[in-house]
Amino acid sequence: MTDEFGASHEGAVGVLVEDGTVPDPVYFDSVSGPGGRSVSQWSVYDGRQGRPRAAVLRAVCSCGWAGQRHRLEWEMTGADELAEAGDGQAAACERDWDGHTAEVAARAVPLPETVTVLLEQVEVEIDKLTATSPVGGVRAVRALEILAGRLGYWAARGARSDRDAGQAATALGLSEGAARRLLARLGGWSPHA
């Protein structure tokens, strides 16, 4: 997950079995008590003890995007552990997802370089202040919160009148729901309005 896009673009390594379907989560009983847990981590789909066997790994994103398929070559690796057999493919999936988030960022409204440089400078200066005076760092961050609240109010209200929810979501790199909640929080209205 990236800080900027949050849960709107949460990535994972997804699994497809031989027939091209996504397997159900694998259930593991609890050894020490009642119940258990379901797991969808790619490395549990090793075909042992009745679990489905992964045939393909691919990057997936909470926005619905899916990356290219990376076939697992079980026979070639000679490994029984999926974590070993699929390590290279999982790394390729991570690179695919990084490419996806780079595309999302490219579609988002660009920040002017002057703003980007100022934000980076503010971060450096507050880090320096925090190193010498932690309470001074807190005061500076609080001043930023107040400034962000004041500026965010008018920016959100302008964005609401300027774009529909879908356009705002694309410009912010967020899902429509996340964009609606962000604008509502900054603009001081109900996200359900």
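Under the 4.5 Å side-chain heavy-atom criterion for ILVMFWY residues, no single connected hydrophobic cluster contains both Leu16 and Val44.
When atom types are taken as modelled, the side chain of Arg107 and the backbone of Thr170 share no donor-acceptor pair closer than 3.5 angstrom. At distances below 3.5 Å, not a single donor-acceptor pair connects side-chain atoms of Ser133 with backbone N or O atoms of Leu129. A distance-only check finds a donor-acceptor pair linking the side chain of Arg181 to the backbone of Gly177 [under 3.5 Å]. No donor-acceptor pair under 3.5 Å is formed between the side chain of Ser8 and the backbone N or O of Leu174. With hydrogens and angles ignored, the 3.5 Å screen pairs a side-chain donor or acceptor of His9 with a backbone N or O of Gly173. Looking only at distances, no side-chain donor or acceptor of Glu120 sits under 3.5 Å from a matching main-chain atom of Val117.
Atom OH of Tyr27 and atom CZ of Arg37 lie 11.0 Å apart (nearest 0.5 Å). In this structure, the separation between CG on Asp127 and OG1 on Thr132 is 11.0 Å, given to the nearest 0.5 Å. Residue Arg160 holds its CZ atom at 12.5 Å from CG of Leu186, rounded to the nearest 0.5 Å.
Side-chain contact between Leu57 and Val15 is present, with at least one heavy-atom pair separated by less than 4.5 Å. Gln68 places a side-chain heavy atom less than 4.5 Å from the side chain of Asp96. With contacts defined as side-chain heavy-atom distances shorter than 4.5 Å, the pair Val60/Val22 does not qualify.
In this structure, Arg51 and Val26 approach most closely via the heavy-atom pair CD-CG1, 3.3 Å. Residues Arg180 and Ala165 share a closest heavy-atom pair of NH2-CB, 3.6 Å. The nearest pair of heavy atoms linking Trp65 to Ala59 is CZ3-CB, 3.7 Å. Between Leu72 and Gly86, the shortest heavy-atom distance links the atoms CD2-CA, 3.5 Å. Nearest heavy-atom pair across Leu183 and Ala159 is CD2-CB, 4.0 Å. Counting all heavy atoms, side chain and backbone alike, Ala169 lies closest to Ala179 at CA-CB, 3.7 Å.
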Residues Phe28, Val39; criterion side-chain contact (heavy atoms from CB on, under 4.5 Å); working and verdict:
CA-CA 8 Å; Phe28 290 95; Val39 178; 3.8 Å; yes
Applying side-chain contact (heavy atoms from CB on, under 4.5 Å), run through Trp97 and Val13 and close with a yes or a no.
CA-CA 9 Å; Trp97 185 77; Val13 176; over 6 Å; no
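Within 6.0 Å of CH2 in Trp189 there are more than 12 heavy atoms belonging to other residues, nucleotides or ligands.
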